[in-house]
Amino acid sequence: MSRRYLPLAVDTVEDIEGYKPGGYHPVHLGDTFDGRYKILHKLGSGGFSTTWLARDTVGKRYYALKIVKAAETAASTELRTLEKLAAIQSDDCGRHHIRNLAAYFTFQGPNGLHNCLVTEVAGPSLNRLYNVIGHGYAQGSRRLRADIARTATRQLVQAVHFLHSQRICHGDLTLSNVLLKLKSIDDWTEDEVLERLGTPSTQDLVAAPGTHPGDSAPRYVVEPASMPDAKYFTHDVLLVDFGEAFPVDSPPRPEDIGIPVKYRAPETFFESKVSPASEAWSLACVLYEIRAGDPLFTSIMGGRDEIIMQMVQMKGKLLGPWWSSWDGRSMFVDDDDEPLKERTNVAPRAQEYPLEGMIAEIGGEDEEEAFFGSEVSILEPKDTKVPPDEAESMRDFLEGALRWAPEERLSVAQMLRHPWIAG
Ligand SMILES: Nc1ncnc2c1ncn2[C@@H]1O[C@H](COP(=O)(O)OP(=O)(O)O)[C@@H](O)[C@H]1O
Ligand SMILES: [Mg+2]
C-alpha cells in the first residue's frame, strides 16, 4: 500500500499511517474535548490509540485521555471491560492496580466516531523506563531496584488475580501496559507541568507526493512527554490497556489478540488456545523481565520458532504431541530423535540455559552507572546480582509457572501465595 505521509525521523510516536478514516483522531495541543478537557501534552500511543495529558477546566484536575481509533470504537472492548470491573463490589487489593475509568465520552471527528477514556495520569510504562534513550537517563542497569521490583511484581500478580477471579483475562500483559503511578500532580500549575514533563516537541506531518489526506491528518505529531524526575513517582504500578481483554468463557483465538510472541504460552502455538493458564505463563515472563531487565525469551525476527527454540533450550523437549508436530525440532535432534551434539543454527540468548543460569546472569551485563535525574534512584545499582536466597525462590516460582501442561502450571491464585511473590 502506498504511503500517505513522508516518513518521520522520530520513532517514539504513533504510526503516522494510522491517520486515515477509521484510524487515529488528529489531536492538536490546546484542543478541547467534551467542552472541558484541554490538551496540554502527549503521554503515549499504542496500536489502537493515542493518550494525552489534559487539564479538566471544570474539575480543575489533570487526566489522561485515551482516544481510541475509530475502527476500534464499535467493539469498545476496553470501555466495556472497565465498566464491568467498576460495577463489581469488592475490596480486593488487586483493583487498586487496575486502571479505573473516571469518565468517558464519544465524539465524531474527520476519521469517524471515537471513544475517549478519561483516566488517572500515570508515569512511564516499565517498557519505557527500561528503554529510555538519550536525556542522560538510565544509562545503565535498566531495571527497578530489587525492593521496588518486588512491590511491582506482587501488585501485578494481585491485579491479574482480581481479573481472573472475575473470569476476565487481560489478553495483553506486556511491560508497555504496566505503568508506574505518579504522586498527585493536581496541585501543579500548567507551567509546572510543562517544566517537569518538558515542553511538547512536535514534528510536522507532510503528505506524500500525490496524496491528499485532508483533515484526516493532524498538522503535526507530538512526541511523548519526557520522563519526569523519579521523585515524582510512587513505587506502585498500574495495569492499563484492556483493549484485548476477554471473558474466560469465550476466549478468542490467540492470533486474534495482539500478544507479542515472546510472552505467548506454548499451547497458544500448538493448540491455538488462550486461557487463564496461558495468561499465567505470560505473567511469569513479564515478572521475570521486571526483575531481570531483559526478556526471558527474545524474538528478533518476530517468529514463533525462535521463541519455541528458546523454550526448548531452557526446558528441554516439548510435550510429546507438540514435539512431533514441531518442524523446528530438527535443530535439536536427528531423524531418530537423538540429541544433536552441535547445532548449526545461530544460538539465541537463552543458549541452552536452564533457568538458574538465566537468573545467575542478571546484573552481569550492566552498562554505565545508573543515573535517574534524582538523588534517590529507583533503579538497581550497577552489577547487582540476585541474592542466592531470592534466586532459588525465583527459580522455583518460574519453574512452577512455566510448566508445559497448562493444567500443571501455577495458577495466578497460587502465584500470589508463592514465597517469591508473597515474600
Ligand atoms: N493513564 C496514563 N498515564 C500515562 N501514560 C499513559 C496512560 N495511559 C496510557 N499511557 C501511555 O500510552 C501508551 C499506550 O496506552 P495503551 O492504553 O496501552 O494504548 P493501546 O491500547 O493503544 O496500546 C502506554 O504504553 C503509556 O506509555
Ligand atoms: Mg498498550
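Remember, it's 1-based here, ligands and their atoms both numbered in the order they're listed.
With atom 27 (O) of ligand 1 as the reference point, the heavy atom nearest to it among Leu43, Leu53, Leu65, Val240 is part of Leu43. With atom 19 (O) of ligand 1 as the reference point, the heavy atom nearest to it among Ala225, Ser49, Pro224 is part of Ser49. By heavy-atom distance, the residue among Ser176, Gly258, Pro124 lying nearest atom 25 (O) of ligand 1 is Ser176.
Residue contacts with ligand 1, taken as heavy atom pairs separated by less than 4.0 Å, involve Leu179 solely via side-chain atoms from C-beta onward. Of all the heavy atoms of Leu238, none lies under 4.0 Å from any atom of ligand 1, so neither backbone nor side chain is involved.
Heavy atoms from other residues, nucleotides or ligands lying under 6.0 Å from NZ of Lys315 number more than 12. Shown here is Phe269, whose CZ atom has more than 12 heavy atoms of other residues, nucleotides or ligands within 6.0 Å.
With respect to atom 23 (O) of ligand 1, the closest heavy atom belonging to the protein is Asp241 OD2, 2.8 Å. Among protein heavy atoms, the minimum distance from atom 10 (N) of ligand 1 is reached at Thr51 CG2, 4.0 Å.
Every atom of ligand 1 with a heavy atom of Ala64 under 4.0 Å away is listed here by number and element: 1 (N), 2 (C). Here is the list of ligand 1 atoms found below 4.0 Å of a heavy atom in Thr119: 1 (N). If you number the atoms of ligand 1 from 1 as listed, the ones under 4.0 Å from a heavy atom of Lys66 come out as 16 (P), 17 (O), 19 (O), 20 (P), 21 (O). Heavy-atom contacts of Gly47 reach the following atoms of ligand 1: 22 (O) (cutoff under 4.0 Å).
Taking the Mg ion (ligand 2) as the corner point, the angle from Asp241 atom OD2 to Asn177 atom OD1 is about 90° (rounded to 10 degrees).
Nearest approach of Val248 to Ile168, heavy atoms of both residues: CG2-N, 3.8 Å.
Checked options Val118, Thr57, Val58, Thr32; the residue passing with Tyr37 is Val118 (criterion: side-chain contact (heavy atoms from CB on, under 4.5 Å)).
Using a 4.0 Å cutoff on heavy atoms, Ser45 counts as a contact of ligand 1. Heavy-atom separations between Arg128 and ligand 1 are all 4.0 Å or longer. At a 4.0 Å cut-off, at least one heavy atom of Arg99 sits close enough to ligand 1 to count as contact.
Taking distance alone, with nitrogen or oxygen atoms compared against 3.5 Å, Ser125 stays at or beyond that limit from ligand 1. Polar contact with ligand 1: present for Ala122 (N/O pair, distance under 3.5 Å). Annotation: Glu120 places an N or O atom under 3.5 Å from an N or O atom of ligand 1; distance criterion only.
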Practice task
Given salt bridge (charged side-chain N to carboxylate O under 4.0 Å, His left out), test Arg36 with Asp56 step by step and report yes or no.
Solution key: CA-CA 6 Å; Arg36 61 192 284 180; Asp56 175 9; 2.8 Å; yes
Handout entry: Gln158 and His161: CA distance, side-chain angles, deciding distance, side chain to side chain contact (heavy atoms under 4.5 Å, CB included) verdict
Key = CA-CA 5 Å; Gln158 288 168 344; His161 176 250; 5.5 Å; no
Practice task
Output, in order, the C-alpha distance, side-chain angles, deciding distance and verdict of side chain to side chain contact (heavy atoms under 4.5 Å, CB included) for Cys169 and Val274.
Solution key: CA-CA 9 Å; Cys169 282; Val274 286; over 6 Å; no
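Using the six-membered ring where Trp is involved, Phe270 and Trp322 have ring planes that are parallel, under 30° apart on the 30 and 60° scheme.
In summary, the aromatic rings of Phe107 and Phe33 are positioned with their centroids under 6.0 Å apart. Close placement of the Tyr232 and Trp188 rings is indicated, their centers lying within 6.0 Å of each other.
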